[in-house]
Q: 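Provided herewith is a single structure, encoded as structure tokens, for subsequent inquiry.
Chain letters run A, B, ... following the sequence lines, proteins first and then strands; every chain starts at 1. Any value given below was found using the heavy atoms of this structure, including those in side chains, with hydrogens, waters and symmetry copies removed.
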2 protein chains.
Amino acid sequence: MPVERVRRRIPEATVARLPIYLRILGERASEEVECISSEGLAELAGVNAAKVRKDLSYLGSYGTRGVGYEVAFLVYQIRRELGLTHDWPVVIVGAGNLGQALAGYNGFGERGFPVAGIVDIEPAKVGSVIGGVRVRHIDDLPQIVQSRRVSIGVVATPPTSAQDAAERLVRAGVTSILNFAPVVLAVPRGISVRKVDLAVELQILSYYEQRRVGVGLQAVGSNDSTRGASA
Amino acid sequence: MPVERVRRRIPEATVARLPIYLRILGERASEEVECISSEGLAELAGVNAAKVRKDLSYLGSYGTRGVGYEVAFLVYQIRRELGLTHDWPVVIVGAGNLGQALAGYNGFGERGFPVAGIVDIEPAKVGSVIGGVRVRHIDDLPQIVQSRRVSIGVVATPPTSAQDAAERLVRAGVTSILNFAPVVLAVPRGISVRKVDLAVELQILSYYEQRRVGVGLQAVGSNDSTRGASA
DNA sequence: CGCGCTTTGTGAACGTGTGCACAACTGCAT
DNA sequence: ATGCAGTTGTGCACACGTTCACAAAGCGCG
């Protein structure tokens, strides 16, 4: 078992679901559940059981036929596969409304993504403390990224500054970006970008909402978290 | 509306991209650009030109060969298709960190999703004013939803209260939900749910970040459905 | 030990999404 | 008019993702 096998490529759609399974398994583990079937996990995750089995099969054959999956072991395997065996400090660019909310949200640190720093271009914002972290000037970005070994940056600026923020992050050495600004970031090859755009989500809901009136009800577009990451 | 043409079903992946095109076209329009080619739009959206043409073809044949697409007309068509010809008031459940940030974020109203109300279960939070909207008690939900004709609800509660919030929303008459809580909501058939989960996004980035170290590979999923990443 | 019950792991079929390549068409110059 | 350069719209092939269906395998019990 200690044989580190060649790392299989895991389909993007599966990668997007693993965190969901992980959270559910964690909850189950804290309720002293030791074993779970693909059927049970599927129900809790809101997906098909066959999909769960196929997803998990990419990690290896870690289930026991006739029984199910050992929760604790599965948690370990998923965490390992997702690279969650150690913390990933993040740096937030933009200390406005959103940046503050993100920094003040403890869920980040709890889930292995401690906020290593918050920066803003506005000198007036520098110095205040949010969620235990002092806001620093954006010029300090390279120093923060290097000293804290940050590889993930969060863009929480107004749209007009987002591209600049991204470029500064990349220059400072960040290789993954989570973008909250409603713009399409242009980044060099090899930099992963994921986007969270509230307006887009609402507009998608609007589409299905609008269709609803015309015809009767119908199944709705589920959230495909199946978005690529990587340029 | 017999004359109203039969509504083609638009692929989900396309629906998810239309809002992106819409935003870009809006920006171009405000810069007095009258016409844009699929190539040009594709570059700005970080996608393939053929994909843009196919996406737009679902709306109808609104381009001019040899020329491109008339920006203003395209904006109109996309807005119509997405149901953005009128506002969609939203109600936010949860006046915590995130709920406040969302309510204070003007982008919502500007993009056609005015905040019709914010509610919280905590009496202590009721009464304060955020972004011009007074926080009300969650028991007022049905009244708000009905009087303001709200069909979209936003769940911004802690995870443990999210399912309850969703059920209250549905009972009050909401048919679409945007969920920020890290839980899988169980809702009746016919209710649309979209999820925004920061931890999941970060964990996906973690996966690619972790792979990066092992091998010097990059560019895993190349193009993606919803996200924009260009180089 | 063997039998029946349960559940996994996966081959294969199907459905959805993507990208190429090119015919069809437009507008302009001559 | 005719030709040419540019761009759309789409058929087609391929890649990716989902679901079914079932053999293989573990477990408990008599």
Q: Starting at atom CD1 of B/I10, determine the distance to atom P of C/dT18, rounded to an integer number of angstrom.
A: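 B/I10 atom CD1 is separated from C/dT18 atom P by 14 Å.
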Q: Whole Å only: how far is the CG atom of B/L41 from the P atom of D/dT8?
A: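 B/L41 atom CG is separated from D/dT8 atom P by 10 Å.
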Q: Would you kindly give the CD-to-P distance between A/E12 and C/dG17, to the nearest whole Å?
A: 14 Å
Q: In terms of heavy-atom contacts, does CD of A/Q163 have more than 12 from other residues, nucleotides or ligands at under 6.0 Å?
A: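 Correct, the count exceeds 12.
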Q: To the nearest angstrom, how far is A/Y62 atom OH from D/dG26 atom P?
A: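 Value for this atom pair: 16 Å.
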Q: Please report the interatomic distance CG(B/L82) to CD(B/Q77), rounded to the nearest 0.5 Å.
A: 11.5 Å
Q: What is the distance, to the nearest angstrom, from the CD atom on B/E39 to the C1' atom on C/dG19?
A: 13 Å
Q: Considering just the side-chain nitrogens and oxygens of B/R17, establish if one lies under 4.0 Å of OP1 or OP2 belonging to C/dT18.
A: yes
Q: Rounded to the nearest 0.5 Å, what's the gap from CG on A/D55 to CZ on A/R17? Could you check?
A: 4.0 Å
Q: Grab the CZ-C1' distance between B/R53 and C/dG19 for me, whole Å please.
A: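 Atom-to-atom, B/R53 to C/dG19, this comes out as 10 Å.
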Q: Does the ring center of B/Y69 lie less than 6.0 Å from the ring center of B/Y62?
A: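 No: the rings miss the under 6.0 Å criterion.
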Q: What is the distance, to the nearest angstrom, from the CG atom on A/D55 to the C1' atom on D/dC16?
A: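 Roughly 13 Å, once rounded to whole Å.
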Q: Working to the nearest 0.5 angstrom, can you tell me the gap between A/L185 CG and A/D164 CG?
A: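 Those atoms lie 11.0 Å apart.
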Q: Around atom OH of B/Y76, are there more than 12 heavy atoms of other residues, nucleotides or ligands at under 6.0 Å?
A: no
Q: For DNA chain D, which residues of residues 65-72 of chain B approach it to below 4.0 angstrom with any heavy atom?
A: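 Nucleic-acid contacts, sorted: B/R65, B/G66, B/V67, B/G68, B/Y69.
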Q: I'd like to know if A/K54 reaches the base of D/dT18 with its side chain such that a donor and an acceptor end up less than 3.5 angstrom apart.
A: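 Side chain to base: no pair present.
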Q: Is B/N48 near enough to C/dC20 that one of its side-chain N or O atoms lies under 4.0 angstrom from OP1 or OP2?
A: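 Yes, such a contact exists.
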Q: Going by the rule ring pair (Phe, Tyr, Trp, His ring centres under 6.0 Å), which residues pair with A/Y58 if we only count those two or more places apart in sequence or in a different chain?
A: none
Q: When the distance from CG of B/L56 to C1' of D/dT8 is rounded to whole Å, what number comes out?
A: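 Rounded to the whole Å, the gap is 10 Å.
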Q: Name the residue closer to the 5' end of DNA chain D, choosing between A/K51 and B/S38 according to the nucleotide with the nearest heavy atom.
A: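 It is B/S38, whose closest nucleotide lies nearer the 5' terminus.
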